K.L.:
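This is the structure, below, for whatever I ask next.
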Amino acid sequence: MATKNAILQIFSLLSIFLPISKPKFYYPAVFNFGDSNSDTGELAAGLGFQPYGQTYFKTPSGRFSDGRLMIDFLMNAMELPFLNAYLDSVGLPSFKKGCNFAAAGSTILPATATSICPFSFGIQVNQFLRFKARVLELLAKGKNFSKYLPTEDFFSKGLYMFDIGQNDLAGAFYSKTLDQILASIPTILLEFETGLKKLYDQGGRNFWIHNTGPLGCLTQNVAKFGTDPSRLDERGCVSSHNEAAKLFNLQLHALTKKLQGQYADANVVYVDIFLIKYELISNYSRYGFEQSIMACCGYGGPPLNYDSQITCGQTKTLNGTSVTAKGCRDSTDYVSWDGIHYTEAANQFVSSKILTGKYSDPPFSDKMPFLLKLKF
């Protein structure tokens, strides 16, 4: 417990002092595309429901975590406000510093009739195109819209962030073999490249691309596909899922290298989220956590506290008894919040690692010199 508290205190200090780097690590606006790992209210606004938010916001926040997401900590590091979701129209949302198009359940490939979310990557890009066109139209009217909307140069100077692809792989395991999934990766990445090119053609020049995390370590996948111990690795993660994630990341990295050469006037950064998250899961106790795979909010108790029939926060009748999937007493002890998404504490850890710049290609550690001496 003492170790965990010490680590969290360091995280808190980071949140306070990160803005010092503003002259070297700063963008006037951020435009984000992704899935539930960075959704700040898109799916909640689109489908009309309220997910979690008990830790930091103390109220449903539209985020799939008990508190803040990685993108929230990254925005804080750039001294920018939390991003409003594109579809969030209530409460006079400001898009002056960017807009978030990420939606939980989204995929890179176009959505189908059975998709959880209709807002696939191509749709998110189209939403951006409409957003930009509408912004420029309103600014041209000369009224005081600039208080709430990005100026035209923000679209070229801003940062375009991507964290998507997890659902393309994880969802495919329910109907396809591993070989079929691996064979589909080039098609998935071609769709991603097409969308990114549209953003480049619209003037985007700063691209920050997260790879996908260790899918096999998500509680949901361990519960469904890890019942046979021979399918698990030494960390208790499903080997096939992580194999798919690694190949996806290898080809995504190759794509970013291609884009770095193709778009000489752009900054294209690849961020190794898999390495950071797997390091956390492999050495969770070293970083102050007590559970690496078991969900904080769920039902069933150890070892996974996850039941696909009843998700976090739900109350249902199972075997004639009314049960509720409740949150744990201290979410900072857990990496997994609900069996699919990370806790705020885990998101904060991952963000702090990203901001060292050492997990990126090209690395940007020279832009964060005050972070290099910190060890987590």
Side-chain angles (χ1 to χ4, degrees), residues 14-34 37-45 53 56-57 61-63 65 67-103 119 124-125 127-164 196 199-200 202-210 266-267 269 271 344 347-348 351 354-355 364 367-368:
L14 276 177
S15 297
I16 295 172
F17 292 114
L18 279 173
I20 294 175
S21 68
K22 178 177 176 179
K24 295 185 178 182
F25 184 70
Y26 177 73
Y27 298 92
V30 173
F31 305 101
N32 185 70
F33 306 82
N37 289 316
S38 59
D39 182 350
T40 56
E42 185 80 349
L43 194 67
Y56 177 82
F57 300 97
S61 65
R63 291 159 172 79
S65 177
R68 288 165 290 182
L69 306 177
M70 288 188 299
I71 190 171
D72 294 318
F73 292 107
L74 296 176
M75 293 298 290
N76 184 69
M78 290 182 276
E79 204 174 14
L80 294 174
F82 294 156
L83 284 179
N84 284 312
Y86 172 70
L87 293 178
D88 194 359
S89 59
V90 179
L92 294 177
S94 173
F95 297 104
K96 177 70 176 179
K97 297 296 184 178
C99 184
N100 194 0
F101 303 90
F119 307 119
Q124 292 179 30
V125 171
Q127 289 176 335
F128 168 81
L129 297 180
R130 183 184 184 280
F131 173 82
K132 180 183 177 184
R134 184 62 174 153
V135 166
L136 297 182
E137 177 186 332
L138 291 172
L139 292 177
K141 292 183 177 181
K143 296 182 180 180
N144 191 27
F145 290 112
S146 59
K147 181 179 179 181
Y148 303 99
L149 301 175
T151 56
E152 184 172 1
D153 63 322
F154 281 16
F155 290 104
S156 59
K157 296 178 181 178
L159 179 64
Y160 293 75
M161 295 181 63
F162 309 87
D163 192 327
I164 194 168
L196 196 144
L199 297 174
Y200 176 85
Q202 284 289 316
R205 290 298 181 268
N206 301 298
F207 302 100
W208 189 328
I209 303 169
H210 290 181
N267 299 307
V269 178
V271 185
E344 176 180 273
N347 285 327
Q348 194 169 29
S351 303
I354 292 172
L355 290 168
F364 59 90
K367 297 181 181 181
M368 311 292 268

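Since the model is a prediction, treat every value here as computed from it, not as a measurement.
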K.L.:
Output all residues satisfying salt bridge (charged side-chain N to carboxylate O under 4.0 Å, His left out) with K96, sequence neighbours left out; order by chain, then residue number.
P.N.:
none

K.L.:
Given Q124 and I164, is the side chain to side chain contact (heavy atoms under 4.5 Å, CB included) satisfied, shown in steps?
P.N.:
CA-CA 11 Å; Q124 292 179 30; I164 194 168; 4.3 Å; yes

K.L.:
Do E42 and Q127 have side chains that approach each other closer than 4.5 Å (heavy atoms only, starting at C-beta)?
P.N.:
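E42 vs Q127: side chains touch.
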
K.L.:
Taking only residues two or more places apart in sequence, or in another chain, which ones meet Y86 in a ring-ring contact (aromatic ring centres under 6.0 Å, His included)?
P.N.:
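Y86: ring-ring contact (aromatic ring centres under 6.0 Å, His included) contacts with F101.
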
K.L.:
Taking atom CD of E152 as the centre, report whether more than 12 heavy atoms of other residues, nucleotides or ligands fall under 6.0 Å from it.
P.N.:
no

K.L.:
Among D163, N32, D72, find the residue that satisfies the side chain to side chain donor-acceptor pair (under 3.5 Å) test when tested with S38.
P.N.:
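Looking at D163, N32, D72, the match for S38 under the side chain to side chain donor-acceptor pair (under 3.5 Å) is N32.
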
K.L.:
Nearest 0.5 Å, please: how far is CG in L355 from CE in M70?
P.N.:
11.0 Å

K.L.:
Looking at CG of L80 and CE of M75, how far apart are the two atoms once the value is rounded to the nearest 0.5 Å?
P.N.:
4.5 Å

K.L.:
What is the ring orientation for F155 with F31, classed by angle as parallel under 30°, tilted 30 to 60°, or perpendicular over 60°?
P.N.:
parallel

K.L.:
For T40 and N100: C-alpha separation, side-chain torsions, deciding distance, then whether side-chain hydrogen bond (donor to acceptor under 3.5 Å, both in side chains) applies.
P.N.:
CA-CA 7 Å; T40 56; N100 194 0; 2.9 Å; yes

K.L.:
Can you find a heavy atom in the side chain of L196 that is under 4.5 Å from one in the side chain of F162?
P.N.:
yes

K.L.:
Under the rule for side chain to side chain contact (heavy atoms under 4.5 Å, CB included), what residues qualify as partners of Q202, not counting sequence neighbours?
P.N.:
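With sequence neighbours excluded, Q202 shows a side chain to side chain contact (heavy atoms under 4.5 Å, CB included) to F128, L129, K132, given in chain and number order.
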
K.L.:
Has R205 got a side-chain atom pairing as donor or acceptor with N267's backbone, closer than 3.5 angstrom?
P.N.:
no

K.L.:
Do Y27 and K157 have side chains that get closer than 4.5 Å, going by heavy atoms?
P.N.:
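Contact flag for Y27/K157 side chains = no.
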
